[in-house]
Every structure is written in C-alpha cells, then in structure tokens.
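Structure first, commentary second.
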Amino acid sequence: MGDFSIFNIFTMLGGLAFFLYGMNVMSTGLEKLAGGKMEVALKKMTSNPFMALILGTVITVAIQSSSAMTVMTVGFVNSGIMALFDTVAVSFGANIGTTFTAWLLCLNGIDGGEGSGIGSFFMKLIKPESFSPLIALVGIIMIMTCKKAKKKDIGRILVGFAVLMTGMDLMKTSIDPLANSPEFQNILTAFENPILGVLVGAVFTGIIQSSAGSVAILMAFSVGGTLTYEMALPIIMGLNIGTCITAVISSIGVNKDAKRVAVIHVLINTVGTLILLPVTLLLQNFTGFGEFMAQPVGFIGIAAMHTVFNVLVTAILMPFSKQLVKISHILVRDKKGEAEKSSVFSALDPRFLATPGVAVEACRGVAVEMAVETRKAISEALALLTAPYNEETINGVIKSEDLIDKYEDKINSYLIKISKSSITGKDSRTVSKMMHCVGNFERISDHAVNLIESVQEMHEKGIAFSAECINEIVVISDAVSENIDSAFNAYIDDDLAIAHKVEPLEEVVDNLSTELKNRHIRRLQNDECTVELGYIFQDVLTNLERISDHCSNIAGCLIETDEKTNIHAYLSDIKKNDETFREEYVMYSEQYFARLDD
C-alpha cells in the first residue's frame, strides 16, 4: 500500500480517540453551561410540535450531543414529565441539531493556500491546526486561573474543541498515504453497493455510539478525492440508524412508553433511509443526477448531505407523527390487564444523571412535590386541633407522613448521586438548599403526627380544651400557618423577599408560645384546667413552636445560600439593626396578640 503502514492505523485510531474524548469534554462543558434550563423548557413547550422541533434542534446544537438529548426524552417519558407524542418532534429536532458538528468539522477541510498575502494568511489562520493550539492554551489558562465555575466550564469547552480538532487532523493525516493506493481503491469500490454502505455506517456508529465520530472518519476518508457522493450518502444514512443504539440502551428497564421513545427514534431514521435511498438510486440511474453523485465528495459535501438527509426525513415523516406513535404501540405492546403505575419518585431517573443540570431540576421538582405534601399534612393536623374528631383525616395525615419520609430518603439518595458529578455553581446552590430544606419538611411532618397524637389522646380520654384554650390555639395556629405559607412559598418560588418575612413572625410565635404557657400556668393555679389537659396543651405549644423554628430554618437556608452570608450573624444583625425587621415584628405582634383577648 505504498507509504501506508500499520502505524497509520494506530494514528487513525488515536485520532478517533482524541476526537471522541474532545467531543465528550466539550459536550459536558456545554451541558453544564446550559445548566439544565433549556432541557427542562422541553416540558413546557412540547405541546406545540413546531416549537418542540426548534427546541430539540437548538438544545442538541447547544450541548453537542443528540445521544444526550435522546436519553433525556426517554427519561422524561419514563418519569411521566412528558407525553410520548410530545417527544416525536423533539427527536426530529435532535437529528437536525446533530448535523451542526459536521459543519464545524468542515474547518478542517479549508485549504491554507500558498503565498504570503493577507488572504493566504487569513485562510491559514482559520484552519484548526493553526488556531486549535491557541484555543487549547486559552482554555487551560481559564481552567487553572479562573475562580468562577462558569468560566472554568468555558475553558473546558475550548480545550475539548481543540482536542476534537486535533483528533480530526490526526485521522486526516493518517489516511493521506492511502489516497493513491490500489488496495484502498478496491475497498472503496465495495461501497458502491449502497446496502453495504448503510450497514457499515450503522454498525460502526453503533459501536462507537457517536454519529459525529462516524462523520469525522468519513470526512477523513474523503481527503484523497476517491470517495464519491454515491458512496458517502448510504454511509450517512447508516450512521443515522446506528446512532439510535444509545436510545435503545437507555430504554432498558423503563416503562412501555419510554421504550416506545427509543422505537420511534429508530423508526424515524430507518423509515427515512428506506424511503430516500431508493429515491436517490432511481434519480442516479434515470436522470442526470447520477453524474453529480459520481463526483468526489469533500468535507462540505458530507456535511451538506448529512443535513439535507435529516431535514428531508423530518419534512416527510413529521406529518405522520401520530402514525409513528401507533406503530410504536404495535411494536411495544401492553399486556392484557396491565396498567403501569407511575411512581411519585419516577422523576428521579438515573438517566438524567448523564446531564446533571437536568437531574438537579428534576430533583427540585420532586422536592417541591414534597413541600406541597408536607404543607397539606400540617394544615390538616392544625385544623384538627380545634375541629371535630375525624378518623379519616387523621389516617390521611399519618399516610402523608409515611410518604414524606420516603420523599426524604429518595431525594437525599439522588442528591448524593448528583453531588458526585461536576455541576455549576448555581446548581450546587440548588442542591445545597434541597439537602437542608427536605430535612426540615420531614421534621415538620413529624410534628404534624405529634399534633395528631395529642388529638387522639384527648378523644380516647373523652376530654377537651376550654373555649379560652381553643381560642389561644387558633391564634397561634394561624400565626404558624402564615409562617408555613411564607417559608414554603419562598422555597417553591425561590423568592428571597418572602423568605425575609419568616424570621419576624417566628419571633412572634415564640413570644405567643411563652405568653400562652404563662396563661396556662395561671389557669392551673386557679383550678381552671386539669393537669392532664395541661400536659397536652404544653405538648401542642411545643410542637407549634418547633414547626415555626423549622420554617425559620428553611428561610434561613435560602438566605444564607443565595446571599452568601452567615445565617447566625445575619439573624443577630437584623434583630439589632434592621428597621424593616422591627416594623414587621411589631405588625405581626399587634395582629396576633390583639386576638388573644377577643
């Protein structure tokens, strides 16, 4: 084979390794920079197929990974976040978005030109082999010197891009000696069989699980000018089918609809090939199009075919999205009488961990559900303190507390897995807030059960609070309820303005509790209350006070994390020097203490 040797193969494989590693580093950096926000937007915008198509394209371009996009859609459907039909347009968008990488690789095909003029200098400058070392240097400097995580991520993206381009250049250089080799010409001749081209493209892409890697190899083989359009097109069609392997692997162990996402992804690329390949062959054989297809293909030609193929497949098949869903139901059948149950924890899908930003957002959604369940449980428990005894409501509170315990366990386990990944500073703060707040939600639910036990004890013993005592419990319960609403709304809406309102009211609850305990002692001294009821009343006040303390913890965590302040120093300072705190404290005091003597 002329100057070609086994070392050229080593260089080509090494170049492929560099390329895939650079792509992985760049993709990871882009995912972190996106922070999961764009991906999570899919949940809100997929009801409109056109918007879902655009969003799927944009996100895939932004994170440079159609595989990650597909895994996310499988996870969204498996967790019940997205409907099966809504993912079809996203899959089309991911196919179009992934072609951007091919255009990026076209930079390697630029001819530096000869001479010393400005034009020649500019052409040489935009060749990756010229600017990649500089980009790598800038990236390394940013990683080593920048303190902000976002700037470090940008540095990793730059280094990843430089490594990717270096890998591409290595592959191209290793294949150069093959250009005039008769043996290589014979191998390429075999690819005149379109079926073989499709199979090779599918198998190779399935093995390396990267359509971008396959495109890079194909571009490298085009350097000698012996690869034609008619040879390259079937391979491009095949690599679109091969990239579906990631979706198939990610669908293992998921529910039926999530498996159907993978099936639809395979159907789109397979049916697209079955339609367009025969059409292309007919045009080649019976029109002048064959002369064009017989010409040598270059980097730009490969990128253009990759894009045109995916755009045409989208234009042809997207109007038949409903039919694709129906076929997926035929291929993945529901068993008779089988009704798949969607777990409240299904959003904590391990597949999201591949894109930590999405995992953080999904976990926060579950934490918000936990907060809603906790508020429901404590509200029902507070109402039962002064309402007629209701066994059904009591059982509901106990059942909620059991569910909230599971929430805490599942969320914390998932957060530990997320924390092992590299996440942005903002996502890190979100994780920190979740870790602290879910614990406080669980403690509040424990106090809800404690209040229920007090209600049950009075019911079993046939005793009840006096009218004066009930009025006092109503007043402090209302104060605690308002603090619960403020703390929980602050967390759910991520609103610091609301969080700052919690501490003044918490101070008032503490003072109310002290006042009510003193009033209770006076009633005991005047024989207006029994010791037995007194103990229960004290327990109720203690639980209410601790619930308010946990509300303060939730608000304090939000303030400490987002305002980057020491919460103890902050609380000490506002109680001494903050006029707004004093005004709100006085307002709440007047509001609730005035009701004690009504």
Side-chain angles (χ1 to χ4, degrees), residues 38-61 66-99 202 211 237 240-252 254-279 307-342 346-347 349 351:
M38 288 192 297
E39 295 91 331
V40 174
L42 283 169
K43 297 184 291 184
K44 301 175 182 178
M45 300 180 69
T46 48
S47 57
N48 182 328
F50 181 70
M51 290 303 299
L53 173 68
I54 293 175
L55 202 56
T57 303
V58 170
I59 293 172
T60 305
V61 170
S66 61
S67 298
M69 186 75 250
T70 305
V71 171
M72 275 189 284
T73 54
V74 170
F76 281 142
V77 172
N78 186 54
S79 59
I81 294 173
M82 284 174 65
L84 174 62
F85 179 77
D86 295 338
T87 67
V88 180
V90 176
S91 294
F92 283 118
N95 278 354
I96 295 173
T98 196
T99 65
S211 59
M237 293 178 175
N240 274 274
I241 297 172
T243 196
C244 297
I245 189 66
T246 307
V248 174
I249 292 172
S250 70
S251 68
I252 297 172
V254 297
N255 63 34
K256 294 294 176 63
D257 269 351
K259 289 182 189 296
R260 290 171 186 132
V261 174
V263 169
I264 289 170
H265 194 56
V266 174
L267 281 173
I268 288 171
N269 292 297
T270 305
V271 174
T273 298
L274 291 174
I275 292 172
L276 291 180
L277 184 58
V279 170
T307 301
V308 170
F309 172 74
N310 283 291
V311 170
L312 283 177
V313 169
T314 299
I316 293 168
L317 295 182
M318 194 168 169
F320 300 97
S321 295
K322 290 182 179 179
Q323 285 72 21
L324 288 171
V325 172
K326 288 180 181 178
I327 294 171
S328 73
H329 277 274
I330 294 171
L331 296 175
V332 182
R333 294 179 178 274
D334 290 316
K335 294 180 181 177
K336 288 185 178 179
E338 180 186 54
E340 289 193 291
K341 295 180 180 178
S342 179
S346 56
D349 197 306
R351 291 160 191 81

Test side chain to side chain donor-acceptor pair (under 3.5 Å) applied to [X] - qualifying residues, sequence neighbours left out:
X    : result
N310 : N240
T273 : none
T57  : none

Shortest non-hydrogen separation from S328 to L84 and the atoms involved: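 The pair with the smallest heavy-atom distance is OG-CD2, 4.0 Å.
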Distance-minimising heavy-atom pair for A89 and A52: CB-CB, 3.8 Å
What residues form a side chain to side chain contact (heavy atoms under 4.5 Å, CB included) with [X], not counting sequence neighbours?
X    : answer
F320 : Q323
I245 : Q209, I249
T307 : T99, W103, V311
I327 : L267, L331

Donor-acceptor contact present, side-chain T98 to main-chain N95, <3.5 Å: no
Backbone N/O of G56 and side chain of T60: donor-acceptor pair under 3.5 Å: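 Yes: the side chain of T60 pairs with the backbone of G56.
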Kindly indicate whether the side chain of [X], heavy atoms from C-beta on, has any atom under 4.5 Å from the side chain of [Y].
X    : Y    : answer
T87  : F76  : no
D349 : V74  : no
I268 : I264 : yes

CA sep, side-chain torsions, deciding dist, call: H329, D257, side-chain contact (heavy atoms from CB on, under 4.5 Å): CA-CA 8 Å; H329 277 274; D257 269 351; 4.1 Å; yes
Please round to the nearest 0.5 Å and tell me the distance separating atom [atom1] of [X] and atom [atom2] of [Y].
X    : Y    : atom1 : atom2 : value
M237 : I275 : CE    : CD1   : 10.5 Å
I54  : I59  : CD1   : CD1   : 12.0 Å
S91  : D86  : OG    : CG    : 11.0 Å
I316 : L276 : CD1   : CG    : 4.5 Å
L324 : H265 : CG    : NE2   : 12.5 Å

